[in-house]
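Working notes for the structure below.
Atom set for the values below is all heavy atoms of this structure, side chains included, hydrogens, waters and symmetry mates excluded. Note on naming: letters A, B, ... go to the chains in the order of the sequence lines (proteins, then strands), and numbering restarts at 1 for each one. These numbers were taken from a predicted model, which means no experiment stands behind them.
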Amino acid sequence: MPDEAPSGEVTRPRAQTLLAPRLLAWYDRHARRLPWRAPPGTAAQDPYLVWLSEIMLQQTRVEAVQPYFLRFKERWPTVEALAAADIDHVLTEWAGLGYYARARSLYACANEVAERHGGKFPRTQDALLELPGIGPYTSAAIAAIAFDVPATVVDGNVERVVARIFAVETPLPRSKPELRDKAATLTPQKRAGDFAQAMMDLGATICTPTKPKCSLCPWNDACVAKARGIQDELPRRDAKKANPTRRGIAYWLVDPDGAVLLRKRAEKGLLGSMIEVPSSDWIVGATPDVPDGAPAAAEWQRLPGIVRHQFTHFDLELTVLAATVKARNTDGLWTLPDNFGDVALPTVMRKVVAHAMKHTAYTPNDAAQMFEVAEKPKRRKKI
DNA sequence: TAAACGTGGCA
DNA sequence: TTGCCAAGTTT
């Protein structure tokens, strides 16, 4: 029997109205302290920092985001500062975090906010949804966390918590609409931002994908999955098909100064707008023949070993070929390894760099030191 | 609707 | 070593 619901509020059984206060009480005691998060129940947070953190957190763990968030916050403290930045500097700062379309959308969004919204983020979910890189999750998260709008925030954590609380046995992603609707029945009218973060904290620390810590859960007495003993099996998922393996060749070309030829990838698509060691196409099947995709004619020497990398939808195996040239005979970004930290090299390309520097002695003096630079470019000097 | 789109930690 | 999958969005 549904309660009488105030206008705009989701109708829900009476028992469910008790759940949100219990979770908020748990959150008041157990909220993780994160650099983008104000303490529970305190003043509103800077919408710019909420937005920045939420974009970074898309499909990305808190631990991976933290150093990136702190560097962005320090370097670009406001949305106007970010909008005024050089996009390549933004991509360089993003390098290693993955899903690089997020960084391009981040920059586009900053410019829209700066130019069309007077530097202020819109306060409604619908208006936020219009901005680049902001979808259903992020619009709800910003509305709730930055503006205290009672929006329902649904991410992977919330889906897992809700699937267990209500024992939803339909596999993901088919169950998404049902999980969203059930999550909406839990969302309170007040402290929706804290509630959203509480749900995500609960999912991240208690209601974990494997071995959930039900004894510590503020909702354990209400959880249908736990009552049935199937909490470890939920949420179910449709089987995924195996990833294919693609193969290619990376070309490590060095000039007499020790500068290495790099180039910028196509603006969009895989690793869009990022910097790479020139390479062939990456194709399913056998490794392409030399000199497929080679940036110049040279006496290419195959380096021992292979560079492996896993993307979301395929595995990659790169053979690395190296050569030296007497002059910079082809266009590109000839870059000294000391400066690799200043370019937007994605992780797969850092692996190529590390591999090439390990197996070439093109700088006889201290290849080892340069290898270290390639392996750990995150601690780089300011540009 | 389904595929594309990164990376890293952990079992 | 391999597979899972995480504070999702875009096309």
Side-chain angles (χ1 to χ4, degrees), chain A residues 31-32 34-37 49-69 91 94-106 108-109 128-142 144-146 151-161 172-174 176-177 179-180 183 193 195-205 207-211 232 235-246 265-274 276 282 308-316 344-351 378:
Chain A
R32 292 186 289 177
L34 302 172
W36 48 83
R37 177 182 284 179
L49 298 180
V50 173
W51 164 74
L52 177 62
S53 64
E54 291 300 339
I55 300 297
M56 289 182 167
L57 285 161
Q58 290 168 3
Q59 293 287 283
T60 310
R61 295 176 178 282
V62 161
E63 306 78 56
V65 164
Q66 293 202 84
Y68 286 85
F69 175 83
L91 290 169
W94 196 277
L97 195 56
Y99 282 141
Y100 299 101
R102 291 185 297 172
R104 303 194 300 271
S105 295
L106 184 86
C109 182
L128 289 162
L129 215 37
E130 297 293 312
L131 293 166
I134 296 182
Y137 162 77
T138 307
S139 59
I142 296 172
I145 297 169
T152 297
V153 178
V154 183
D155 73 333
N157 288 304
V158 174
E159 287 178 342
R160 183 171 58 256
V161 170
L172 283 167
R174 280 181 284 157
K176 279 179 178 286
L179 294 174
R180 206 224 84 85
F195 180 79
Q197 295 178 93
M199 285 284 274
M200 294 188 282
D201 268 17
L202 188 71
T205 64
C207 196
T208 45
T210 60
K211 300 181 179 177
D232 289 281
R236 303 189 196 284
R237 293 177 189 275
D238 289 324
K240 286 195 297 189
K241 59 185 179 191
N243 280 343
T245 297
R246 298 186 195 177
R265 293 176 59 85
E267 186 176 346
K268 295 184 178 179
L270 184 69
L271 309 176
S273 300
M274 300 296 284
E276 67 171 357
W282 304 345
R308 298 177 192 279
H309 190 75
Q310 290 191 316
F311 291 96
T312 304
H313 53 297
F314 66 93
D315 294 346
L316 179 65
L345 280 174
T347 296
V348 60
M349 289 301 153
R350 292 178 186 178
K351 290 185 182 178
K378 296 191 177 185

Checklist entry - Between C:dT9 atom C1' and A:L106 atom CG, what is the distance in whole Å? => result 13 Å
Next on the checklist: Rounded to whole Å, how long is the line connecting atom CD of A:E267 with atom P of B:dC5?
Outcome noted: 15 Å
Checklist outcome for this item: A:Q59 has its side chain closest, among B:dT7, C:dG8, C:dA7, to C:dG8
Checklist entry - Checking all strands, does A:Q310 fall into the base, sugar-phosphate, or nothing category for heavy-atom contacts under 4.0 angstrom? => result base
Checklist entry - Sub-3.5 Å donor-acceptor pair from the side chain of A:E159 to the main-chain atoms of A:L172, do we have one? => result no
Checklist entry - Any idea which of C:dA6, B:dG6, C:dG8 is nearest the A:T138 side chain? => result C:dG8
Item to check | Stepwise side chain to side chain contact (heavy atoms under 4.5 Å, CB included) check, A:Y137 with A:V158 | outcome: CA-CA 11 Å; A:Y137 162 77; A:V158 174; over 6 Å; no
Checklist entry - Between A:H313 and A:F311, does the ring centre distance come in under 6.0 Å? => result no
Item to check | Nearest-neighbour nucleotide for the A:R102 side chain, B:dG6, B:dT7, C:dG8 considered | outcome: B:dG6
Checklist entry - Does a nitrogen or oxygen in the side chain of A:T347 sit under 4.0 Å from OP1 or OP2 of B:dG8? => result yes
Item to check | Minimum-distance nucleotide (side-chain atoms of A:Y137 versus C:dG8, B:dG6, C:dC5) | outcome: C:dG8
Next on the checklist: Under 4.0 Å, heavy atoms only, any strand: does A:S105 hit a base, just the sugar-phosphate, or nothing?
Outcome noted: nothing
Checklist entry - Counting any heavy atom closer than 4.0 Å, what does A:V348 reach on the DNA or RNA strands: base, sugar-phosphate only, or nothing? => result sugar-phosphate
Checklist entry - Out of C:dA7, C:dT9, B:dT7, which nucleotide sits closest to the side chain of A:P136? => result C:dT9
Checklist entry - With respect to the side chain of A:Y100, which nucleotide from C:dA7, B:dT7, B:dA4 is positioned closest? => result B:dT7
Next on the checklist: Whole angstroms only, please: what is the CZ-C1' distance between A:R61 and B:dC10?
Outcome noted: 8 Å
Checklist outcome for this item: In whole angstroms, the gap separating P of C:dG8 from CG of A:L97 amounts to 12 Å
Item to check | C1' gap between B:dT1 and C:dT9, integer Å | outcome: 15 Å
